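A quick write-up on the structure given underneath.
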Amino acid sequence: MMHLACPWCGVRDEPEFVCGGTTHIARPAPDASDHEWGEYLFFRDNPKGLHHERWRHAYGCGQWFNVARDTVTHEVFSVYGIGESAP
Amino acid sequence: MRETNSKYSAWALLRGAFSGHRQWRPAWREATPKPAYDIIVVGGGGHGLATAYYLAKNHGISNIAVLERGWIGGGNTGRNTTVVRSNYLYPESARLYDFSLKLYEGLSQALNFNIMLSQRGMLTLAHSRHDLESMTRWANAMRMNGVDADLLTREQVNALVPALDVSNQARFPILGGFAQARGGTARHDAVAWAYARGASALGVDIVQSCEVQGFVQETGRIVGVETNMGRIRADRIGIAAAGHSSVLAKLAGFRLPVTSYALQAMVSEPVKPTLDTVVLSPATGAYISQSDKGEIVIGAGLDLFASYAQRGSFSVMQHTIAGTLELFPSFSRLPLLRQWAGIVDVVQDSSPIIGPTPLGGLYINCGWGTGGFKAIPVGGWTFAHVLATGRNHELAEPFQLDRFITGRLIDEAAGSGIAH
């Protein structure tokens, strides 16, 4: 089972968390084109390997945080704050 | 290279019985790639093989290669729960999936290969009054779209599947459900092998262990692929790679509205016939049927984080098994024999993408998510059409990439609550 280290609660089992998908996606300006909005809402890199994603400790403290993780091995490289940029 | 088999028949079987069954030949040719083709299909799963077959059969194009990184049918085609059905909500989806089911109904004859289609019925359970109401809407929509659907009471569910716990004390009480009588199962490997044999007999080159590592672009157009067996050129290239669609799209230089997830399934040891219907319980996430071999086949839910690992989480397996045992208490002492996962290409609206990509000469068939197996015939049929003619098949017209820009989604995820 995958383990994630919640920045507030420490290492817990994966089922305590909910994944919120790819992180660091910038919201476009209100006057952005349909194409930009479509890209923002739906299109993803979906990488095979290193992926930066957001997780929430749903059955713990309820806080969001960021994770750098490998989508093949599921190895967690780093856990960092929701407001921080990717290490 | 030995010649491949001619027609399969009871007569050929009988003849074989008298000659020690020495006349059987491989069902398709082992091919080495030529330097150029009219069309290359990337991905030798059900959709890729069906595409090649219909290109040759419906459009008379046989200078085709199917390039498969592993072995044919070794990805999701060999990892699904073999269920076929067309119980969708929206007219566009109903047309697409029912066309697929109709092709399945004639596939054994059309391909001269027994795909062991068993239209044993597909039962979806309602566990609450709200489930009953939404299923009434769902079944009515199916009937409006010309697809068979029957609402069932608790008594009718009990008569159909006596092993279900329909008591009031059940953890997940069963208030009724709805059934699609034409739904059922087909032998998944046979579907891949039948299309491979059919395509090969029409001259298609099926190349296994051939990985596409890049695309060749000339003047803004894709004109070939780089593989571990060298460069292969083609006028048109179609991607049918399911969970690895984004990886191939990245090689070509564009993105897809796809996230890859692991979807798992498992089987018990074989037991005597006990379940002659496919049972789906959306509330517990379990999808249960019995194979011809006797195994209880259980399909689970997705691991809800991006993954390219072909294994599922233990917690999802536990959740699914727990739900299954509440529904079928008599299965509690069945040992599980195997568990596995496939990587599925999930799209926001749970509907597929069949058509051109932003790059000239490159086309894609993806986004079937957790439900690609039932769609193999129509995926191949419509993808072959766009590859052969350059125009979308009318069934595939609503299922284009640009719907994610225009907002014209076909949201089966929200509409019918179908998981993929």
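In what follows, every heavy atom counts, from backbone to side chain, and hydrogens, waters and symmetry copies are set aside. Please read all numbers here as calculations on a predicted model, not as lab measurements. Each chain gets a letter, A, B and so on, in the order the sequences are listed, and its residues count up from 1.
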Q. Between A:Gly21, A:Pro47, A:Gly49, which residue shows the highest count of heavy-atom pairs closer than 4.5 Å to chain B?
A.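 Option with the top pair count is A:Pro47.
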(Q) I'd like to know which of A:His51, A:Met2, A:Glu53 tops the heavy-atom pair count under 4.5 Å against chain B. (A)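 When all of A:His51, A:Met2, A:Glu53 are compared, A:Met2 has the most.
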What part of [X] gets within 4.5 angstrom of chain A, counting heavy atoms only: side chain, backbone, both, or neither?
X	result
B:His244	side chain
B:Arg311	side chain
B:Val247	side chain

Q) Quick check: does any side chain N or O of A:Asp34 sit under 3.5 Å from a backbone N or O of B:Thr406, one acting as donor and the other as acceptor? A)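 Side chain of A:Asp34 to backbone of B:Thr406: no pair is present.
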Q.
Would the distance check show the side chain of A:Arg69 and the main-chain N or O of B:Ala306 forming a donor-acceptor pair, the cut-off being under 3.5 Å?
A.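 Confirmed, A:Arg69 side chain pairs with B:Ala306 backbone.
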Q.
Among B:Leu409, B:Val347, B:Asp349, which residue satisfies the side-chain contact (heavy atoms from CB on, under 4.5 Å) criterion with A:Phe42?
A.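 With A:Phe42 as partner, B:Leu409, B:Val347, B:Asp349 yield a single side-chain contact (heavy atoms from CB on, under 4.5 Å), made by B:Leu409.
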Q. So do A:Phe43 and B:Leu401 actually touch side chain to side chain, heavy atoms under 4.5 Å?
A.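 With C-beta onward as the side chain, the pair touches.
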Q | chain B contact via A:His35 - side chain, backbone, both or neither, heavy atoms under 4.5 Å | A |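 The answer is both parts of A:His35.
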Q.
Between A:Thr73 and chain B, with a heavy-atom cut-off of 4.5 Å, which part of the residue counts as in contact: side chain, backbone, both or neither?
A.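 Contact with chain B is through the backbone of A:Thr73 alone.
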Atom [atom1] of [X]: over 12 foreign heavy atoms under 6.0 Å:
X	atom1	answer
A:Trp8	CH2	yes
B:Phe254	CZ	yes
A:Tyr59	OH	no

(Q) Would you compute the distance between atom CD1 of B:Ile405 and atom CD of A:Glu36 and round it to the nearest 0.5 angstrom? (A)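 Here the rounded value is 10.0 Å.
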Q.
If I take atom CG from residue B:Leu248 and atom NZ from residue A:Lys48, how far apart are they, to the nearest 0.5 angstrom?
A.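 One gets 9.5 Å once the value is rounded to the nearest 0.5 Å.
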Q | Distance-only donor-acceptor check, side chains A:Asn46 and B:Ser260, under 3.5 Å | A |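 Note: A:Asn46 and B:Ser260 side chains meet the donor-acceptor criterion.
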Q: May I ask you to check whether A:Asp70 and B:Tyr308 show a side-chain donor-acceptor distance below 3.5 Å?
A: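 Absent: no donor and acceptor within the cut-off.
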Q: Classify the angle between the aromatic ring planes of B:Phe305 and A:Trp55 as parallel (below 30°), tilted (30 to 60°) or perpendicular (above 60°).
A: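 Ring orientation of B:Phe305 relative to A:Trp55: tilted.
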Q: Report the C-alpha separation of B:Ser313 and A:Met1 in whole Å, then their side-chain angles, then the decisive distance to 0.1 Å, and conclude whether the side-chain contact (heavy atoms from CB on, under 4.5 Å) test is met.
A: CA-CA 6 Å; B:Ser313 290; A:Met1 184 182 295; over 6 Å; no
(Q) What I want to find out is whether B:Arg255 reaches A:Asp45 closely enough, with some N-O distance under 4.0 Å, to be called a salt bridge. (A)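 Between A:Asp45 and B:Arg255 there is a salt bridge, with a charged N closer than 4.0 Å to a carboxylate O.
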Q | Residue, of B:Asp303, B:Val258, B:Val316, that accumulates the most heavy atom pairs under 4.5 Å with chain A | A |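 Option with the top pair count is B:Val258.
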